Amino acid sequence: MSKEGITSRSESFADWYTDLVVRAGLADYSPVRGCMVIKPHGYAMWELIQQGLDTMFKETGHVNACFPLMIPKSFFSKEAQHVEGFAKECAVVTHYRLKNDGEGGVTVDPEAKLEEELILRPTSETIIWDTYRNWIQSYRDLPILVNQWANIIRWERRTRLFLRTTEFLWQEGHTAHATYDEAEHEARRMLEVYRRFAEDWLAVPVLTGVKSEGEKFAGADHTYCIEALVQDKRAIQAGTSHHLGQNFAKAFDVKYLSKEGQLEYVYATSWGVSTRLIGTLIMAHSDDKGLICPPRVAPIQVVILPMGRDEETRARTYGAADQLASELKAIAWSGPDLSELEYDVPELMHPLGSRIRVHVDKREKESPGFKFNDWELKGACLRVELGPRDLESSSCVVVRRDRGEKVTVSLSEASAYISEQLNAMQGDLYTAALARQHENTFWVDTWDEFEKIFEGEGGAGFVMAHWDGTQETEDIISEKTKATIRCIPFEPLREGDDQPGTCILTGKPSKQRVAFAKAY
RNA sequence: CGGGGCAUGGCGCAGUUUGGUAGCGCGUCUGGUUUGGGACCAGAAGGCCGCAGGUUCGAAUCCUGCUGCCCCGACCA
């Protein structure tokens with residue numbers, strides 16, 4: 001990485017990503033291995049994501065709560081399936097006190113050993129279902145629709161900023177229902193919320209579908225997911241929604257008295273997205289100059305750069321910049337109306353009302369050229385240049401981050417133009433990403449071709465191919481090609497995808513094509 | 001858990017082969033000139049060379065041990 005700019009994507013996609021995250025001031029490494037500091041600029045993106053999703057959760061009838069970070073170890077033996085998935089990556093609290101080691105440091109006090117060790121939550125199903133047992137007696141107590149915004153600890157071997165860290169932020173919804181069908185509806189409905197959020201807010205098109213047995217959450221009956229494709233043609237799981245069946249109700253003995261007076265086990269769902277969404281949108285849209293951020297989740301949507309050589313000129317350009325900024329701040333901007341896209345969500349979900357997020361950059365030490373590059377790196381959606389030449393003609397120069405073209409606009413029309421361009425950029429980013437997804441989705445019918453497409457390093461896009469439905473075949477395929485089944489899509493991507501065929505590897509009968517890809 | 005790399009002012013690095021006053025760039029601070037695509041000049045501050053031993057008159061440099069981080073594989077959101 002040179003002192004100016006970041007590693008290019010063509011040189012090394014992985015280095016590009018890390019350079020971007022660090023240099024754009026989104027996050028940084030911490031003193032603890034695998035953990036990151038989310039810096040204000042990156043955290044602002046997370047806050048916008050939270051606001052958008054939380055509104056949608058409220059509109060679908062959910063309420064927020066917060067459960068403890070530490071979970072008794074004994075809870076983990078209650079549900080064997082679930083433990084299998086996480087046991088290898090749990091942090092354990094064994095003591096509750098330190099003492100002086102006599103050499104100027106501290107040491108764990110062996111006298112302060114916990115009677116029962118505590119697990120730092122890798123996910124909260126166990127403690128939540130232990131709690132739900134007390135909340136649920138009759139059918140009148142159902143459904144329970146609770147979400148929590150929380151941090152999670154998973155001791156991952158290999159970590160990457162935002163994509164996989166030891167500690168990360170997420171939300172986890174945990175719902176309880178009287179019937180299988182109701183839980184099924186909930187799991188599907190929340191997946192649709194995720195799809196809508198990914199597409200409308202993050203401008204990232206996703207495949208929706210069900211996970212294969214091998215890829216599903218260990219404690220689930222079945223798992224749904226949204227899968228995105230990023231610029232290096234790798235897939236990334238951007239959100240999951242699980243139908244947990246009665247697994248946790250049985251493990252924690254959660255029963256309700258039905259209308260008919262019968263004691264029945266409760267059905268459950270859980271669903272979550274994490275700070276990984278930030279990594280996803282970075283890899284989906286950004287370029288070699290830095291972050292390209294969809295306006296809806298951009299901490300700074302418009303940056304105004306007033307310029308001037310001398311005090312007198314600056315007084316004038318600063319005045320004009322402040323004036324424009326206050327005009328923009330008065331505009332209620334919540335993003336384009338994408339309702340024509342017709343989502344399969346019963347509840348009306350409208351984006352938050354908000355104001356245009358604008359910043360006037362009055363740093364006098366930095367040259368305009370430096371500021372151009374700096375804001376391109378940081379992902380301001382629109383840059384407004386306002387210098388003496390512009391004031392002569394009562395205009396300004398507006399540059400869209402994703403286009404880079406300089407457009408001269410009169411000051412009287414600037415705020416309306418900027419508002420329009422934010423809408424346009426939100427839509428254009430989605431369209432571009434969708435085109436990229438289409439260009440990188442392939443239909444393959446022979447094993448030779450399948451192996452060839454996944455040859456070499458890096459991703460190869462989505463490959464739609466037939467699969468005989470067995471775990472063994474899935475394992476062999478991933479061993480040979482590094483590609484995994486990302487999902488079994490709900491809807492055929494192309495006509496005939498949902499028709500029977502023969503397995504790409506074994507030649508055995510296949511019910512439908514599934515989406516393969518190399519994944520993050 | 002295997003393989004590789006790295007550890008030197010705030011950041012990025014050189015110096016290590018062949019031991020001899022700790023250097024460069026960026027950033028920071030001061031002053032001045034600048035400002036439409038990463039400005040310039042002058043001056044200044046800032047280091048237990050990851051830790052612990054050892055060899056030596058003398059160690060960033062050689063030897064031994066340790067620790068940490070990053071990257072690549074197997075496992076995972």
Side-chain angles (χ1 to χ4, degrees), chain A residues 1-6 12 14-15 17-19 22-23 28-36 84-90 103 105 122-123 152-172 194 211 214-218 223 225-228 235-242 270-280 289-290 305-311 313-314 317 361-377 383-392 395-397 399 404 406 408 457 478-479 482 484 486 519-520:
Chain A
M1 179 171 60
S2 62
K3 73 180 159 63
E4 293 171 1
I6 57 181
S12 165
D15 289 348
Y17 174 79
T18 304
D19 285 357
V22 173
R23 294 280 302 279
D28 215 340
Y29 293 100
S30 80
V32 183
R33 187 197 69 89
C35 292
M36 65 174 169
E84 244 171 68
F86 289 116
K88 283 175 285 184
E89 51 191 46
C90 284
E103 294 166 18
T123 180
I152 291 291
I153 307 285
R154 293 181 190 172
W155 217 264
E156 299 287 352
R157 300 276 163 103
R158 262 185 75 193
T159 57
R160 294 193 66 191
L161 297 172
F162 287 120
L163 299 176
R164 175 171 295 106
T165 44
T166 301
E167 179 184 12
F168 60 94
L169 305 182
W170 79 345
Q171 65 58 222
E172 45 182 327
Y194 288 157
K211 283 289 188 191
E215 294 276 331
K216 75 163 194 186
F217 173 51
T223 291
C225 63
I226 55 173
E227 290 280 332
I236 182 164
Q237 181 174 307
T240 54
S241 176
H242 314 290
S270 68
W271 27 274
V273 297
S274 71
T275 35
R276 181 179 245 204
L277 288 179
I278 295 174
T280 304
K289 291 176 176 175
L305 306 183
M307 293 174 281
R309 283 183 186 78
D310 51 84
E311 286 288 337
T313 312
R314 279 201 292 270
T317 57
D361 185 353
K362 292 178 179 172
R363 289 177 292 177
E364 289 186 8
K365 196 178 172 308
E366 320 295 352
S367 70
F370 178 89
K371 290 180 181 180
F372 294 169
N373 288 287
D374 192 43
W375 289 108
E376 281 162 357
L377 177 62
R383 178 179 80 234
V384 179
E385 300 168 21
L386 202 49
R389 289 211 302 269
D390 303 300
L391 286 188
E392 303 276 319
S395 63
C396 59
V397 173
V399 185
K406 298 196 176 196
T408 301
E457 296 299 308
S478 82
E479 197 182 317
K482 306 289 180 210
T484 51
R486 301 321 303 154
Y520 274 99

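By convention in this document, chain letters (A, B, ...) are assigned in the order of the sequence lines, proteins followed by strands, and residues within each chain are numbered from 1. In this text the structure is predicted, and so the values were computed from the model without any measurement.
Spacing between atom CG of A:L386 and atom P of B:U35 amounts to 17 Å, rounded to whole angstrom units. If you take CG of A:D310 and P of B:G32, they are 17 Å apart, rounded to a whole angstrom. One atom, CG of A:N373, and another, C1' of B:G36, lie 13 Å apart when rounded to the nearest Å. Look at NZ on A:K406: it is 6 Å from C1' on B:G36, rounded to the nearest Å. Between A:R309 atom CZ and B:U34 atom C1' the separation is 9 Å, expressed in whole Å. Distance CZ (A:R314) to C1' (B:G36): 15 Å, rounded to an integer number of Å. Rounded to whole angstrom, the span from the CE atom of A:M36 across to the P atom of B:C69 amounts to 17 Å. When rounded to the nearest whole Å, the span between CZ of A:R154 and P of B:C76 equals 12 Å.
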Atom pairs under 3.5 Å: protein N/O with N/O of nucleotides 71-74 of chain B:
residue, atom, partner, partner atom, Å
B:C72, OP2, A:R158, NH2, 2.5
B:G73, OP2, A:R158, NH1, 2.8
B:A74, OP1, A:K482, NZ, 2.5

All N/O pairs under 3.5 Å across the protein-nucleotides 39-45 of chain B interface:
residue, atom, partner, partner atom, Å
B:A39, OP1, A:S367, OG, 3.2
B:A39, OP2, A:S367, OG, 2.2

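Distances from the side chain of A:E89 to the nucleotides B:C76, B:C69, B:G37 place B:C76 closest. The nucleotide whose nearest atom lies closest to any side-chain atom of A:V397 is, among B:G36, B:C70, B:G37, B:G36.
In RNA chain B, runs of at least 3 consecutive Watson-Crick or G-U pairs, each pair with both distances below 3.5 Å, span B:1-7 with B:67-73, B:10-13 with B:23-26, B:28-33 with B:39-44, B:50-54 with B:62-66.
Evaluation of the side chain to side chain contact (heavy atoms under 4.5 Å, CB included) rule for A:E479 yields no partner, not counting sequence neighbours. Contacts of A:W271 classified as ring pair (Phe, Tyr, Trp, His ring centres under 6.0 Å), with partners at least two apart in sequence or in another chain: A:F57, A:H62. Every residue two or more places apart in sequence or in another chain that forms a salt bridge (Lys or Arg N to Asp or Glu O under 4.0 Å) with A:E215 is listed here: A:R486. With sequence neighbours left out, the ring pair (Phe, Tyr, Trp, His ring centres under 6.0 Å) criterion links A:W155 to no other residue. The salt bridge (Lys or Arg N to Asp or Glu O under 4.0 Å) search around A:K371 returns A:D361, not counting sequence neighbours. Looking at residues two or more places apart in sequence or on another chain, you find no salt bridge (Lys or Arg N to Asp or Glu O under 4.0 Å) involving A:R154. Evaluation of the side chain to side chain contact (heavy atoms under 4.5 Å, CB included) rule for A:T240 yields A:T223, A:C225, A:Q237, A:H242 as partners, not counting sequence neighbours. Applying the side chain to side chain contact (heavy atoms under 4.5 Å, CB included) test to A:R383 and every residue at least two apart in sequence or in another chain returns A:V303, A:L305, A:F372, A:E376, A:E385, A:V399, A:K406. A:K482 is linked by a salt bridge (Lys or Arg N to Asp or Glu O under 4.0 Å) to nothing, counting only residues two or more places apart in sequence or in another chain.
If you check every strand for non-hydrogen atoms under 4.0 Å, A:L163 touches a base. Looking at heavy-atom distances under 4.0 Å, A:T165 makes contact with a base. In this structure, A:E385 reaches the bases: a heavy-atom distance under 4.0 Å links it to at least one base atom across the strands shown.
Rounding to the nearest 0.5 Å places CE of A:M36 at 7.0 Å from CG of A:L169.
Side-chain atoms of A:D374 and base atoms of B:G38 include no donor and acceptor less than 3.5 Å apart. Checked by distance alone, A:E376 brings no side-chain donor or acceptor within 3.5 Å of a matching partner on the base of B:G38. Counting atom types as modelled, A:K289 pairs no side-chain N or O with a base atom of B:G37 as donor and acceptor under 3.5 Å.
Under a 3.5 Å cut-off, the side chain of A:S30 and the backbone N or O of A:C35 do form a donor-acceptor pair.
Taking atom C1' in both B:G19 and B:U61, the straight-line distance is 6 Å, to the nearest Å. As rounded to the nearest Å, B:A45 and B:G23 have P atoms that lie 13 Å from one another.
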Verdict with reasoning, A:T313 to A:D310, per side chain to side chain donor-acceptor pair (under 3.5 Å):
CA-CA 5 Å; A:T313 312; A:D310 51 84; 2.8 Å; yes

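In terms of position along RNA chain B, the nucleotide closest to A:C396 lies nearer the 5' end than the nucleotide closest to the other residue of the pair A:C396 and A:A519.
Two residues are said to be in side-chain contact when any heavy atoms from C-beta on lie closer than 4.5 Å; A:T18 and A:Y29 meet this criterion.
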